[in-house]
Amino acid sequence: MSELQTAAEKTPFKSDLLKGKKGLVVGVANKRSIAWAVARALSNHGAQLAFTYQGDRLKESVAELAATLPGKSPLYPCDVTQDEEIKKVFAGLGEEFGSLQFLVHAVAFAKKEDLDGRTVDTSRDGFQLALNVSSYSLIALTKAAEPLLEKEGGSVAALTYLGSEKVIPNYNVMGVAKAALESAVRYLAYDLGKKRIRVNGVSAGPVNTLAARGISGFTSMLEGHRHRAPLGRNVEVEEVANTAFFLLSPLSSGITGEVIYCDAGYRIMGA
Ligand code: NAP
């Protein structure tokens, strides 16, 4: 059995809840990506998915993963800082899918030097880059998705982290970006609620991914979470994916503008 199949097997819950529903997943880089785990979960509940990839470097990896899902998964290049590329994604989706029922935002980036040392040393350039990629992109993608999401109503889920509200050393400017992202979740939820479009966040405990390894001291962060979390372990990526599935599915129809923590309970601890 290939590693890809093994990863798929790890998401045990299957249903037809999302049968006939179509969604876009933004943020798959490789098989460890949280976005890929979310895609697997959504597919296990019958959804048809499209994916974006950032540049040709990632095209092959995303195409290989997408090919393991049932049905056809359209792929589009998209650097989320480029409005023209975002426009093309949704023009393509309009033709391919006609409507969209959900959007997954799992994208973040900051310069390596801004994920180490002191937040006070963050450059203007580094700040703008981190917030452009990690926060503004939710607004840009949601706006572009709005005409397709409003057709039948829809749900948007963005991945975030506790560094938005608590100081996590080395998370630095990304904590500021996640605070902006979570605030955007609430404002977008307000704007789009009457169009039956819900917007929520999933705040995941640390998961060993490419982006996470860019944070200085990430391994000790994992260790620290494991020791302190009430569940006495780190969260599994499939658990994060199932939380996103819940927020993207009709099971959460009364919830919008919220951030749900999937972190083995870490956030509730005071000491
Ligand atoms: P990941 O696999 O590295 O995913 C991050 C994705 O963002 C990659 O696909 C990356 O593409 C993409 N990206 C960066 N800049 C982009 C741009 N300009 N345009 C389009 N895509 C861009 O890491 P991950 O941990 O799964 O991250 C997914 C989300 O989960 C992020 O929002 C992250 O902050 C959040 N999160 C992660 C953790 C964790 O511990 N891992 C915890 C809580 C929340 P490239 O590889 O090409 O840069």
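Every number for a ligand or one of its atoms is a count from 1 in the order of the listing. Quick note: numbers below take in every heavy atom, side chains included, and nothing from hydrogens, waters or symmetry partners.
- Proximity annotation for atom 26 (O) of ligand 1: of Asn234, Ile34, Leu162, Ile34 comes nearest, heavy atoms only.
- Polar contact check, Gly27 against ligand 1: a nitrogen or oxygen pair lies under 3.5 Å apart.
- Checking only distances, Thr81 never comes within under 3.5 Å of ligand 1, N or O to N or O.
- Short contacts between ligand 1 and Ala106, defined as distances under 4.0 Å to a heavy atom of the residue, involve ligand atoms 5 (C), 6 (C), 7 (O), 28 (C), 29 (C), 31 (C), 32 (O).
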Could you walk me through whether Lys88 and Glu85 pass salt bridge (Lys or Arg N to Asp or Glu O under 4.0 Å), step by step? CA-CA 5 Å; Lys88 281 186 193 156; Glu85 290 192 18; over 6 Å; no
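- The N/O atoms of Leu58, backbone and side chain alike, include none that comes under 3.5 Å of an N/O atom in ligand 1.
- Close N/O approach between Tyr161 and ligand 1 is not found [any backbone or side-chain N/O within under 3.5 Å].
- Taking atom 45 (P) of ligand 1 as the reference point, the nearest protein heavy-atom neighbour is Gln54 NE2, 3.4 Å.
- Protein heavy atoms are absent from the 4.0 Å sphere centred on atom 10 (C) of ligand 1.
- Of the polar atoms of Asn30, none of the N or O atoms is found under 3.5 Å from an N or O of ligand 1, judged by distance alone.
- Met269 belongs to a hydrophobic cluster whose other members, connected by ILVMFWY side-chain contacts under 4.5 Å either directly or through intermediates, are Ile268.
- The side-chain hydrogen bond (donor to acceptor under 3.5 Å, both in side chains) contacts involving residues 176-187 comprise Thr160-Glu182, Ser164-Glu182, where partners must be two or more places apart or lie in separate chains.
- For ligand 1, the polar-atom distance check against Thr160 finds no nitrogen or oxygen pair separated by under 3.5 Å.
- Between Ala212 and ligand 1, a contact under 3.5 Å exists for no N or O pair.
- At the top of the distance list for atom 19 (N) of ligand 1, counting protein heavy atoms only, stands Val80 N, 2.9 Å.
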